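Letters go in sequence order (proteins before strands), and every chain restarts at 1. Remember, it's a predicted structure, so these values are computed and weren't measured experimentally. Side chains included, hydrogens not; waters and symmetry mates left out as well; all remaining heavy atoms used.
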Protein chains: 2
Amino acid sequence: MRASERAYAALLDEIQRGILPPGTVLGEVEQSQRLGVSRTPMREAMRRLTADGLIAQQSPRVTVVTDFDADDIRKLFVTRRALEETAARIAATQPDRDVFGVLARSFEQTVADDEGAIDAYYALIAEFDAAVDVAVDNAYLTQGLRAIRTHLTRARRLARDNSARLQMSVAEHNLIARAIADGDAELAAHATHVHLHNALTSILESIREGSQ
Amino acid sequence: MRASERAYAALLDEIQRGILPPGTVLGEVEQSQRLGVSRTPMREAMRRLTADGLIAQQSPRVTVVTDFDADDIRKLFVTRRALEETAARIAATQPDRDVFGVLARSFEQTVADDEGAIDAYYALIAEFDAAVDVAVDNAYLTQGLRAIRTHLTRARRLARDNSARLQMSVAEHNLIARAIADGDAELAAHATHVHLHNALTSILESIREGSQ
DNA sequence: ACTCACCCCAATGTATACACAAAACAGGGA
DNA sequence: TCCCTGTTTTGTGTATACATTGGGGTGAGT
């Protein structure tokens, strides 16, 4: 693996996990020494993170981890809704819908095991997202969704999901996947809308609780 | 201006204008010598263009200008519709709508001078886009729109606009701006949808004619 | 004549030295 | 004591040298 890529992956992970909290100053020399690469690949990694919006140049000399609060999450979900509703509609309209039938069945089975299945759940979501990316067959849309997901990971961390919400989320995804499999574009879009509304509500509530 | 930025701007412009057509191989050394910068800033510029989707690493050793055909334009407009309808809705919902009233009047006046006003027209569009960016106050949405506009410039070049279409486009923008100014979110969204439909149709037709 | 292996070359990836600029600090004057 | 100015320091921007890897070409062997 290339050094620039290692540096990018490492910083991305640390920002998403909150190990590098918002406002943290990232010096090129400091970070490159810490991660054992030279400045060149570190610069490349930091430019990528800047493009992603995870870090920003506060002034010509100081780069910091960008802020990410409840208001950002609301704005993120506005954009997410626009892209995912469109994606769901397209996925339901195109012919290769069999995968979503399989995914729907997977979601049904996931309902069974309720405890400690968080990782399995997120893995299934990732699989679903990947299937959507293939189905929409649209680099521009996929690119936008990828950006959203990058930030979404930060949001997920701020809000520890409770098991009840997870159960609901699985059921919602099941509905979306089934709607796509059935070729019902309207239902797929509306189910996506509802899912995102519930997810946002749950996240914001979880954050409000956490900050008390 | 920094060297990396000059290189980025130069390559971006050349790709958008078609001076560097799709498939053109871009070697780091070759391009850096041509533009009078060293490899380091040229690499940075090329990485940015890669993130933008304007160039791509075909293999580990060869980077080329990405392809951009009618099908790409269709996919671009699907994504554009999702983002711009959302943006229009938000702009119409928020309080600072006065600018759009001013813009609407500008569009009305632009209808008058029909010949050679292409540059003025595009300048006005850019002003409108900037106003939307401010109005939505959403970095994620703005970021997505920015990416779309980058590619849109390539589409515009493929399709030479005719004066009749320009007249219609101005009228459509006028309606959108007025709808936003009036706080009519639904009309703003639907007018945007119609505008994008017409714009796409016109572009695809223009390309079909050109390839004959 | 065709194929496979080895070598060479060319292009990218990385490290580092130098240039430049901005911010912090210290010193002196008001 | 505060402010202004000059200097020092520190960090980014750029150039270049070195490392590494992948591809192509040439040679020999079958």
Closest to the 5' end of DNA chain C, once A/Gly36 and B/Leu26 are matched to their nearest nucleotides, is B/Leu26
Among D/dT16, D/dT12, D/dG22, find the nucleotide with the atom closest to the side chain of B/Thr40. D/dT16
Separation of D/dG22 atom C1' from B/Gln58 atom CD, nearest Å, is 15 Å
Would you please classify the geometry between the B/Phe68 ring and the B/His151 ring as parallel, tilted or perpendicular, with 30° and 60° separating the classes? parallel
Give a yes or no on whether a donor-acceptor pair under 3.5 Å exists between the nucleobase atoms of D/dT21, that is its base, and the side chain of B/Arg61. yes
Is any side-chain nitrogen or oxygen of A/Ser38 closer than 4.0 Å to OP1 or OP2 of C/dA15? yes
Nearest-Å distance for atom pair CD/C1', residues B/Glu30 and C/dA10: 13 Å
Please state how far atom CD in A/Gln33 lies from atom P in D/dT10, giving the value in whole angstrom units. 13 Å
Is there a donor N/O on one and an acceptor N/O on the other, under 3.5 Å, for the side chain of A/Thr63 and the base of D/dT12? no
Are B/Asp52 and B/Arg48 ion-paired here, with the side-chain N under 4.0 Å from a carboxylate O? no
Take atom CD of A/Glu28 and atom C1' of D/dT10, then tell me their distance rounded to the nearest Å. 12 Å
B/Met42 side, atom CE; B/Gln31 side, atom CD - distance, nearest 0.5 Å: 6.0 Å
Reckon B/Ser4 has a side-chain N or O less than 4.0 Å from the OP1 or OP2 of D/dT14? yes
Phosphate contact (D/dG13 OP1 or OP2) by A/Arg43 side-chain N/O below 4.0 Å: yes
Where the side chain of A/Val37 is concerned, which of D/dA15, C/dT12, C/dA15 is the nearest nucleotide? C/dA15
In whole angstrom, what separates A/Arg39's CZ from D/dT10's C1'? 11 Å
What integer distance in Å separates A/Arg2:CZ from D/dG22:P? 11 Å
Does A/Ser59 or B/Val62 map to a spot on DNA chain C nearer the 5' end, using the closest nucleotide for each? B/Val62
Distance, rounded to the nearest Å, where A/Arg6 contributes CZ and C/dG13 contributes C1': 12 Å
Within this structure, what is the CD-to-C1' distance between A/Glu5 and C/dG13, rounded to whole angstrom? 12 Å
For DNA chain D, produce a single dot-bracket line, 5' to 3'. Pairs: Watson-Crick or G-U wobble, both distances under 3.5 Å. Symbols: ( ) within strand, [ ] crossing, | other strand, . unpaired. ||||||||||||||||||||||||||||||
